[in-house]
Amino acid sequence: MSATTQQLERNFTHRFLTSLRRMNSPDSKTTTTHAAGLVIRRRSLRIKRAAYSSMARAAAGSHRAWTRAVLSRTRSQRRRQQHGVRPNYIIPPSQRRKSVKRAAKLKKKTKKKSVVRRLGRAGKLRELVPGGSRMEMGQLLEETAHYVQCLAVQVRVMQAVADHFSSSM
Amino acid sequence: MSSRRSSSSRASTMSEDEIITDLVLKLQALLPQLNPRKPSKAQASKVLKETCSYIRKLEKEVDDLSGRLSQLLDTIDPNNQDFDLDSIRRSLLQI
């Protein structure tokens, strides 16, 4: 493993564990066993967010397009989770079928053609790499290489942490 | 703004093949199980496809591990012992 990868691993591990430690403190959210599953599910989303933002910070902070995209994404996700999801726009049942049909048609029409034709061969890749839709081809491939590298480290560390926790029970 | 975007994507499409050929080697080095043959046009799209499925696989593992960690957090003691950075780092270096 190269020195920079080691440093990245160390940096990420430190940040990630710090966030995990914060999550371990007893929550005021709920104490009933009925909602325990919900607590675990909600926390897994927070853990996932913590993993991505820890990696974005450890990897490059604001110096890479994909890390900037990840950090802004996790920030808005956090805000959404705190403020709750807004209730769906209420449509009278008489108009509902029409508007649903219209929306589905529009979605089908615009999605596939525009992605494939406008973005060329790497359309799928642009969807996967954070911030990829805004990049030029050369930058996209460079960012992809870095993103893949960091993702692999992230998975390796999360695996090690999970193994460590499950073995020290 | 949309016209600017479409013209830039057209320009990048023209040199896309050269750029892909150059950086395909870089991606190949990162992807597991990929034959390092001479990068051709067909090879390049194969690499792109493999990269996409590799990214998807990694992101799914992040999801699964997040769920597993969430369950595990309930079971460990809230003391500093379990968050021992050194022991985790030691187990990392062994992998």
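Just so we're on the same page: letters track the sequence lines, and every chain starts at 1.
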Just so I know, are the side chains of [X] and [Y] near enough to count as touching, which here means a heavy-atom distance under 4.5 Å?
X: B:L73; Y: A:I47; answer: yes
X: A:L128; Y: B:Y54; answer: no
X: B:V62; Y: A:L151; answer: yes
X: A:T144; Y: B:I55; answer: yes
X: A:R43; Y: B:Q71; answer: no
X: B:R68; Y: A:Q159; answer: yes

How long is the span from the [atom1] atom in [X] to the [atom2] atom in [Y], to the nearest 0.5 Å?
X: B:S66; Y: A:I40; atom1: OG; atom2: CD1; result: 13.5 Å
X: B:E61; Y: A:Q154; atom1: CD; atom2: CD; result: 11.0 Å
X: A:S166; Y: B:L69; atom1: OG; atom2: CG; result: 9.0 Å
X: A:R46; Y: B:S70; atom1: CZ; atom2: OG; result: 8.0 Å

Is there a path of hydrophobic side-chain contacts, each under 4.5 Å between heavy atoms of I, L, V, M, F, W or Y residues, that connects A:V153 with A:L71?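 Hydrophobic grouping puts A:V153 apart from A:L71.
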Under a 4.5 Å side-chain heavy-atom rule over Ile, Leu, Val, Met, Phe, Trp and Tyr, are B:L72 and A:L45 clustered together? no
Decide yes or no on side-chain contact (heavy atoms from CB on, under 4.5 Å) for A:L141 and B:L48, but give the supporting numbers first. CA-CA 9 Å; A:L141 293 184; B:L48 283 179; 4.0 Å; yes
For A:R15, check salt bridge (charged side-chain N to carboxylate O under 4.0 Å, His left out) against everything at least two apart and list the hits. none
Interchain contact, A:A152 with chain B, by part (heavy-atom threshold 4.5 Å): both
Would you please name every residue forming a side chain to side chain donor-acceptor pair (under 3.5 Å) with A:S76, sequence neighbours left out?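 Once residues adjacent in sequence are excluded, A:S76 has no partner under the side chain to side chain donor-acceptor pair (under 3.5 Å) criterion.
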